[in-house]
Amino acid sequence: EEGRMVFSERAALAEAGKRPALFNTIQPGQHITGDVTNVTEFGVFVDLGGVEGLIHISELSWGRVSHPGEVCQVGQHIEVLVIEVAPERCRIALSLKRLLPNPWEFAQERYPVNAVVPAVVMALAPFGAFARLEEGLEGLIHASEIPLPANKLIKDVLIPGQIVQVRVLQVESSRQRLGLSMKIN
């Protein structure tokens with residue numbers, strides 16, 4: 001239909017009829033192991049024993065991932081969760097992060113409003129800084145919540161990787177938003 005052809009050396013090496021059988025046996029919700037075959041800008045391909053599935057970059061971690069190579073390497077043997085199987089498109093969507101609990105589920109209980117906790121500065125912006133409380137839980141310290149000496153900018157006071165004490169201002173688990181302040185008193 002689309003005027004395209006796709007060739008697969010892996011499919012050619014697989015036993016005849018094995019690919020359709022695999023598509024029929026792999027089901028959403030299933031935990032399965034495989035070997036990483038390729039790491040790209042948008043995700044990680046995993047050989048599941050004759051068919052490949054894709055872990056999209058958004059499914060690698062509950063935290064921020066700049067490049068999939070930070071999480072997986074070619075040749076690595078990993079366990080994944082099957083999200084979707086589309087045999088008609090020869091596609092299998094996988095997830096690594098869904099094997100772990102979602103950190104936002106209990107964020108409000110672990111980080112109540114006004115709690116003072118350590119955080120790691122992850123990135124700076126003109127309007128503030130992003131800080132991580134734990135893997136997958138990042139929040140914004142707005143510029144107005146950063147005590148700045150006279151004539152100093154955020155980049156003069158904070159650097160990525162720096163550990164700072166923050167006060168929790170708000171936790172919106174449903175929107176995955178966290179408001180933080182460096183004004184502790």
Side-chain angles (χ1 to χ4, degrees), residues 29 31 34 36-46 53-84 92-185:
H31 290 223
V36 175
T37 57
N38 194 11
V39 177
T40 68
E41 295 290 323
F42 58 86
V44 174
F45 288 92
V46 181
L54 172 67
I55 309 170
H56 188 268
I57 189 170
S58 64
E59 289 294 330
L60 288 170
S61 171
W62 289 108
R64 190 182 306 238
V65 177
S66 298
H67 188 277
E70 297 171 4
V71 181
C72 294
Q73 315 304 319
V74 172
Q76 183 180 355
H77 189 73
I78 59 172
E79 179 181 359
V80 293
L81 175 72
V82 178
I83 301 173
E84 181 185 358
I92 300 174
L94 306 171
S95 177
L96 262 182
K97 78 177 185 183
R98 295 187 199 192
L99 293 174
L100 303 169
N102 181 344
W104 288 98
E105 272 184 45
F106 300 103
Q108 289 175 308
E109 290 83 11
R110 285 196 319 278
Y111 302 101
V113 171
N114 289 321
V116 176
V117 295
V120 179
V121 175
M122 300 304 292
L124 305 178
F127 53 85
F130 291 94
R132 181 178 70 201
L133 302 186
E134 64 180 69
E135 184 67 32
L137 279 181
E138 283 188 23
L140 173 66
I141 309 169
H142 190 270
S144 63
E145 296 296 333
I146 300 171
L148 292 173
N151 301 320
K152 294 286 183 180
L153 300 172
I154 294 169
K155 65 180 182 174
D156 298 328
V157 201
L158 296 175
I159 56 168
Q162 180 179 354
I163 298 173
V164 296
Q165 289 295 113
V166 296
R167 184 168 52 86
V168 177
L169 297 178
Q170 68 178 22
V171 179
E172 292 182 62
S173 294
S174 61
R175 295 177 64 202
Q176 296 188 352
R177 289 193 166 197
L178 191 57
L180 305 170
S181 174
M182 287 180 63
K183 296 178 178 177
I184 305 300
N185 301 332

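Positions are given from 1, in the same order as the sequence printed here.
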Exercise. Considering all heavy atoms of both residues, which atom of Ala119 and which atom of Leu133 are nearest to each other, and what is their separation?
Worked result: CB-CD2, 3.6 Å
Exercise. Out of curiosity, Gln176 CD to Trp62 CH2, how far, rounded to the nearest 0.5 Å?
Worked result: 7.0 Å
Exercise. Which value, rounded to the nearest 0.5 Å, describes the distance between Ser181 atom OG and Gln170 atom CD?
Worked result: 11.5 Å
Problem set entry | Passing candidate, side-chain hydrogen bond (donor to acceptor under 3.5 Å, both in side chains) with Glu138, options Arg132, Arg177, Arg64 | Arg64
Exercise. With no hydrogens and no angle check, is any side-chain donor or acceptor of Lys183 less than 3.5 Å from a backbone partner on Arg167?
Worked result: no
For this session: Check for a donor-acceptor pair, side chain of Glu145 on one end and backbone N or O of His142 on the other, with a separation under 3.5 Å.
Result: no
Exercise. If you measure from CG on Leu94 to CD on Glu84, what distance do you get to the nearest 0.5 Å?
Worked result: 10.5 Å
Exercise. Would you find more than 12 non-hydrogen atoms of other residues, nucleotides or ligands less than 6.0 Å from Ile163 atom CD1?
Worked result: no
Exercise. Rounded to the nearest 0.5 Å, what separation is found between the CD1 atom of Ile141 and the CG atom of Leu178?
Worked result: 9.5 Å
For this session: Decide yes or no for Val166 and Val117: does some side-chain heavy atom of the first lie under 4.5 Å from some side-chain heavy atom of the second?
Result: yes
Problem set entry | Sidechain-backbone polar pair: Lys97 side chain, Ser58 backbone, donor-acceptor under 3.5 Å | yes
For this session: Start with the C-alpha distance between Leu100 and Glu135, add both sets of side-chain angles, then the distance that settles side chain to side chain contact (heavy atoms under 4.5 Å, CB included), and finish with yes or no.
Result: CA-CA 11 Å; Leu100 303 169; Glu135 184 67 32; over 6 Å; no
Exercise. Any side-chain heavy atom of Val168 within less than 4.5 Å of one from Pro112?
Worked result: no
Problem set entry | Any donor-acceptor N/O pair, Trp104 side chain to Gly136 backbone, under 3.5 Å | yes
Exercise. At their closest point, which heavy atom of Gly43 faces which heavy atom of Pro68, and how far apart are they?
Worked result: N-CG, 3.7 Å
Exercise. Could you give the distance from CD1 (Ile184) to CG (Asn114), rounded to the nearest 0.5 Å?
Worked result: 10.0 Å
Exercise. Are Gln165 and Met182 close enough that some pair of their side-chain heavy atoms sits under 4.5 Å apart?
Worked result: no
Exercise. Is Arg98 reaching over with its side chain to a backbone N or O of Glu59, donor-acceptor style, under 3.5 angstrom?
Worked result: no
Problem set entry | Any Val44 side-chain heavy atom under 4.5 Å of Val71 side chain | no
Exercise. Out of curiosity, Leu54 CG to Phe45 CZ, how far, rounded to the nearest 0.5 Å?
Worked result: 4.5 Å
Seminar exercise, completed: When every non-hydrogen atom of Val39 is compared with those of Gly69, the smallest separation belongs to CG1-N, 3.5 Å
For this session: Using modelled atom types only, decide if a donor and an acceptor are shared between the side chain of Gln108 and the backbone of Val171 within a distance under 3.5 Å.
Result: yes
Seminar exercise, completed: What one should report as the nearest heavy-atom pair of Ser66 and Ile57 is O-CD1, 4.1 Å
Exercise. Between Val36 and Cys72, which heavy-atom pair has the shortest distance, and what is it?
Worked result: CG2-CB, 4.2 Å
For this session: Please tell me if the side chains of Val121 and Ile159 come closer than 4.5 Å, counting only heavy atoms from C-beta onward.
Result: no
Problem set entry | Test item: Arg110 side-chain N/O and Pro103 main-chain N/O as donor-acceptor pair under 3.5 Å | yes
For this session: Can you see which heavy atom on Leu180 is nearest to which on Leu169, and at what distance?
Result: O-CD1, 3.6 Å
